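Being a predicted model, the structure only gives us computed values, none of them experimental. Lettering of chains follows the sequences in order, A, B, ..., and the numbering in each one begins at 1.
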Amino acid sequence: MRLMTWNINSLRLRLPLLQRLGEEQAPDIICLQETKVPDALFPAAPLRELGYDHQHFLGMKGYNGVAILSRHPIRPIEATPDWCGKSDTRHIGVVIDTTTGPVMLHDFYVPAGGDIPDPAVNDKFAHKLAFLTEVTAWFRENPPIRSIVVGDLNIAPLEHDVWSHKQLSTVVSHTPPEIERLNAWAATGFVDAMRLVVPPQEKLYTWWSYRNRDWKLSNRGRRLDHVWLTPDLQPALTNLNVLRDVRDWDSPSDHVPVVFDLDLSAA
DNA sequence: ATGGTGGACCCTCCA
């Protein structure tokens with residue numbers, strides 16, 4: 001089973017890129033963030049034409065929005081919490097019924113957190129921290145089994161998840177309070193699948209700002225997108241790839257897709 | 001220290 005996660009930064013604008021990814025990578029399941037489309041306007045028909053007959057999505061006007069597209073039947077999880085009481089369409093989940101049993105898949109878009117890393121003066125940063133705290137409490141109360149978390153978590157936790165650990169330690173996405181909370185969330189029962197494949201001492205990014213003359217030359221990236229697995233699924237992981245080249249496609253997202261393969265007969 | 005670019009949309013917000 002091949003899965004992909006991608007912050008697409010407008011699903012409607014980048015449908016052609018998604019089509020190309022569908023053809024070149026042939027994922028069974030695609031998890032999207034920042035779809036920026038209300039449910040009533042979701043482009044269900046063109047996505048069915050790409051082979052994704054099974055769709056679960058939650059969006060709003062202008063901001064945020066998540067979607068899970070699948071070639072195989074999926075069962076939406078209806079009982080997901082309304083994080084921070086904001087109804088701001090940052091999380092959906094589905095159950096995938098496989099030959100070796102059900103697998104739970106969560107798709108998250110964590111708040112970016114604004115510019116100033118101080119919750120006392122920046123409501124967006126306070127929201128980001130509160131969101132992480134709530135999600136962590138929920139996973140503690142509902143210990144994950146045969147579960148996957150993917151998405152734009154908007155935090156680069158490790159030294160080599162950013163281009164300069166020193167310079168970014170005061171920049172939202174790589175500050176200690178965020179990293180501490182992200183680690184606490186992961187500690188509810190997940191392993192970092194990307195770092196199982198790419199050693200932590202190697203630089204690894206999934207996002208490069210639009211505000212760079214030449215993203216590839218300056219290479220000031222961050223690993224904001226994540227794939228987490230519960231340890232029971234770890235033996236099933238056979239491949240994982242950050243599709244860096246997609247950052248150079250026409251009219252790209254500032255995030256690139258991450259694709260990974262699970263052989264569930266091994267778990 | 002600043003500003004740089006891009007998407008949505010009602011002109012400013014968000015990343």
Side-chain angles (χ1 to χ4, degrees), chain A residues 5-21 31-43 46-47 57-67 83-84 86-91 107-119 121-132 150-157 161-164 166-175 177-179 182 205-226 243-258:
Chain A
T5 178
W6 189 26
N7 178 323
I8 194 169
N9 188 18
S10 173
L11 171 56
R12 286 174 290 178
L13 188 69
R14 276 181 252 287
L15 264 175
L17 277 69
L18 197 56
Q19 181 165 18
R20 180 171 167 190
L21 281 166
C31 298
L32 300 172
Q33 305 87 38
E34 281 206 270
T35 54
K36 296 185 177 179
V37 58
D39 292 346
L41 299 176
F42 192 83
L47 293 169
F57 47 84
L58 184 64
M60 60 189 283
K61 186 175 174 181
Y63 310 105
N64 312 332
V66 283
W83 306 113
C84 301
K86 286 186 180 286
S87 303
D88 57 355
T89 69
R90 295 180 178 276
H91 172 221
D107 181 9
F108 274 96
Y109 175 54
V110 171
D115 288 331
I116 304 165
D118 179 355
V121 298
N122 175 6
D123 290 343
K124 291 179 196 166
F125 194 68
H127 176 216
K128 184 178 199 174
L129 298 183
F131 186 99
L132 294 163
V150 300
D152 177 4
L153 306 187
N154 264 317
I155 299 167
D161 292 340
V162 293
W163 62 275
S164 167
K166 186 176 177 178
Q167 284 176 261
L168 286 172
S169 287
T170 55
V171 173
V172 171
S173 74
H174 194 61
T175 68
E178 300 164 75
I179 292 170
L182 190 74
Y205 313 138
T206 63
W207 174 88
W208 292 261
S209 172
Y210 286 125
R211 303 175 193 183
N212 271 356
R213 184 164 296 229
D214 185 332
W215 71 273
K216 202 185 285 180
L217 183 68
S218 58
N219 197 25
R220 294 183 166 189
R222 305 177 199 171
R223 185 170 72 107
L224 302 180
D225 302 275
H226 295 268
L243 304 181
R244 194 174 186 270
D245 292 349
V246 178
R247 188 65 179 75
D248 257 347
W249 289 6
D250 281 342
S251 190
S253 169
D254 45 356
H255 295 252
V256 297
V258 181

Participant: Please report the distance separating the C1' of B/dA15 from the corresponding atom of B/dG4, rounded so that it comes out in whole Å.
Facilitator: 13 Å
Participant: If we ignore hydrogens and angles and just use 3.5 Å, is the side chain of A/N212 paired with the main-chain N or O of A/D214 as donor and acceptor?
Facilitator: no
Participant: Quick check on A/D115: does its CG atom have over 12 non-hydrogen neighbours (other residues, nucleotides or ligands) under 6.0 Å away?
Facilitator: no
Participant: Rounded to the nearest Å, what distance is computed from the CG atom of residue A/N64 to the P atom of nucleotide B/dA15?
Facilitator: 7 Å
Participant: Considering only NZ, NE, NH1 and NH2 on the basic side and carboxylate oxygens on the acidic side, decide whether A/D161 and A/R222 come within less than 4.0 Å.
Facilitator: no
Participant: Could you give the distance separating B/dG6 and B/dC10 at their P atoms, to the nearest angstrom?
Facilitator: 22 Å
Participant: Round to a whole Å and report the spacing from NZ of A/K36 to C1' of B/dC13.
Facilitator: 10 Å
Participant: Using the side-chain heavy atoms of A/K61, tell me which of these nucleotides is nearest: B/dT5, B/dA15, B/dC10.
Facilitator: B/dC10
Participant: Send over the distance from A/W215 CH2 to B/dG6 P, rounded to a whole Å.
Facilitator: 14 Å
Participant: Checking all strands, does A/R14 fall into the base, sugar-phosphate, or nothing category for heavy-atom contacts under 4.0 angstrom?
Facilitator: sugar-phosphate
Participant: Determine whether any donor atom in the side chain of A/R211 lies under 3.5 Å from an acceptor atom in the base of B/dA15, or the reverse, and answer yes or no.
Facilitator: yes
Participant: What's A/S251 touching, base or sugar-phosphate or nothing? Going by heavy atoms closer than 4.0 Å.
Facilitator: sugar-phosphate
Participant: Tell me yes or no: between the side chains of A/T206 and A/R223, is some donor less than 3.5 Å from an acceptor?
Facilitator: no
Participant: How long is the line joining NZ of A/K216 and P of B/dT5, in whole Å?
Facilitator: 20 Å
Participant: Rounded to whole Å, please give me the gap between CD in A/E34 and C1' in B/dC14.
Facilitator: 8 Å
Participant: Which nucleotide, B/dC13, B/dA8, B/dT5, lies nearest any side-chain atom of A/S10?
Facilitator: B/dA8
